[in-house]
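Single-structure report; data block below.
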Number of protein chains: 2
Amino acid sequence: MIYVDLVVDLYSPVPLYAQVAAVLRTKIESGELRHLDPLPSEKSIEQEHGVSRDTARRAIRMLRDEGLVFTIPQRGTFVGPPP
Amino acid sequence: MIYVDLVVDLYSPVPLYAQVAAVLRTKIESGELRHLDPLPSEKSIEQEHGVSRDTARRAIRMLRDEGLVFTIPQRGTFVGPPP
DNA sequence: GTGTATTTGTTCGTATGTATC
DNA sequence: CGATACATACGAACAAATACA
């Protein structure tokens with residue numbers, strides 16, 4: 001089993017936030033995260049991927065811009081189109 | 001009414017940050033922004049003028065260097081001389 | 001009912017890399 | 001080469017709403 005595409009690569013020309021977004025996108029498209037499931041919080045993304053909160057937020061924003069997830073303030077971000 | 005001097009001109013020899021600073025300076029001197037009023041945040045300057053945060057920061061620093069505004073870290077920038 | 005922890009929102013501070021003029 | 005400009009990335013601090021013990 002290869003996990004290479006589930007970790008971020010500091011030396012890739014691909015921005016860190018885009019790499020993190022790709023990991024989350026894969027979890028959604030694979031069904032690991034299902035409709036209305038909460039995404040990992042910004043803090044847990046920070047810890048799990050070793051990135052800053054800024055980067056975690058950019059990743060989430062990218063998925064939100066794609067219409068894959070929606071965010072409820074002070075609640076979290078969830079899988080699915082904006083309600 | 002002419003609004004030309006309230007927008008930035010990418011083709012002007014005047015640096016973008018100086019143009020943005022001029023817009024903010026006008027708002028202060030015209031009274032639209034009053035003593036202790038918060039300046040637009042770096043982010044809103046980004047969005048409203050279509051410039052990078054770097055440029056927004058340079059503009060604010062310019063006004064700060066002029067003594068027109070003062071910045072409180074993590075709070076914002078306000079109209080008036082440094083307290 | 002009362003704190004405490006969690007989570008997102010919003011600021012600013014700083015640094016690096018790249019491109020352009 | 002230096003100044004300008006943008007994108008990326010990390011850090012820090014505080015606010016506000018929600019969730020939970």
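Remember, predicted model here, so these are calculated numbers, not experimental data. Just so it is clear: chains get the letters A, B, ... in the order the sequence lines come, proteins before strands, and each one is counted from 1.
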What nucleotide, of D:dC10, C:dT8, C:dG13, holds the atom closest to the side chain of A:T71?
C:dT8
Kindly point out which of D:dA19, C:dT8, C:dT11 is positioned nearest to the side chain of A:R57?
C:dT8
Given [N], is OP1 or OP2 found less than 4.0 Å from the side-chain N or O atoms of [X]?
| X | N | value |
| --- | --- | --- |
| A:T55 | D:dC10 | yes |
| B:S52 | D:dA5 | no |
| A:R58 | D:dT8 | yes |
| A:R53 | D:dG11 | no |
| B:Y17 | D:dA5 | no |

Atom-pair distance ([atom1] on [X]; [atom2] on [N]), nearest Å:
| X | N | atom1 | atom2 | value |
| --- | --- | --- | --- | --- |
| A:F78 | C:dT7 | CZ | P | 10 Å |
| B:I45 | C:dC12 | CD1 | C1' | 12 Å |
| A:R61 | D:dT8 | CZ | C1' | 11 Å |
| B:D54 | D:dA5 | CG | P | 8 Å |
| B:L16 | D:dA3 | CG | P | 17 Å |
| A:R75 | C:dT7 | CZ | C1' | 10 Å |
| A:F70 | C:dG9 | CZ | P | 13 Å |
| B:E46 | D:dA7 | CD | P | 8 Å |

With rounding to the nearest 0.5 angstrom, report the [atom1] to [atom2] distance, [X] to [Y].
| X | Y | atom1 | atom2 | result |
| --- | --- | --- | --- | --- |
| A:R53 | A:I60 | CZ | CD1 | 9.5 Å |
| B:S41 | B:R75 | OG | CZ | 13.5 Å |
| B:M62 | B:L24 | CE | CG | 11.0 Å |
| A:R57 | A:T77 | CZ | OG1 | 9.0 Å |

Both B:R64 and A:E42 contact DNA chain C. Taking the nearest nucleotide for each, which residue is further toward the 5' end?
A:E42
Between A:P15 and A:P73, name the one whose nearest nucleotide on DNA chain D is closer to the 5' end.
A:P15
Residue of the set B:T71, B:L33, B:D37, B:I72 for which side-chain contact (heavy atoms from CB on, under 4.5 Å) holds with B:F78
B:I72
Side-chain donor/acceptor contact of B:Q74 with base of C:dT11 under 3.5 Å
no
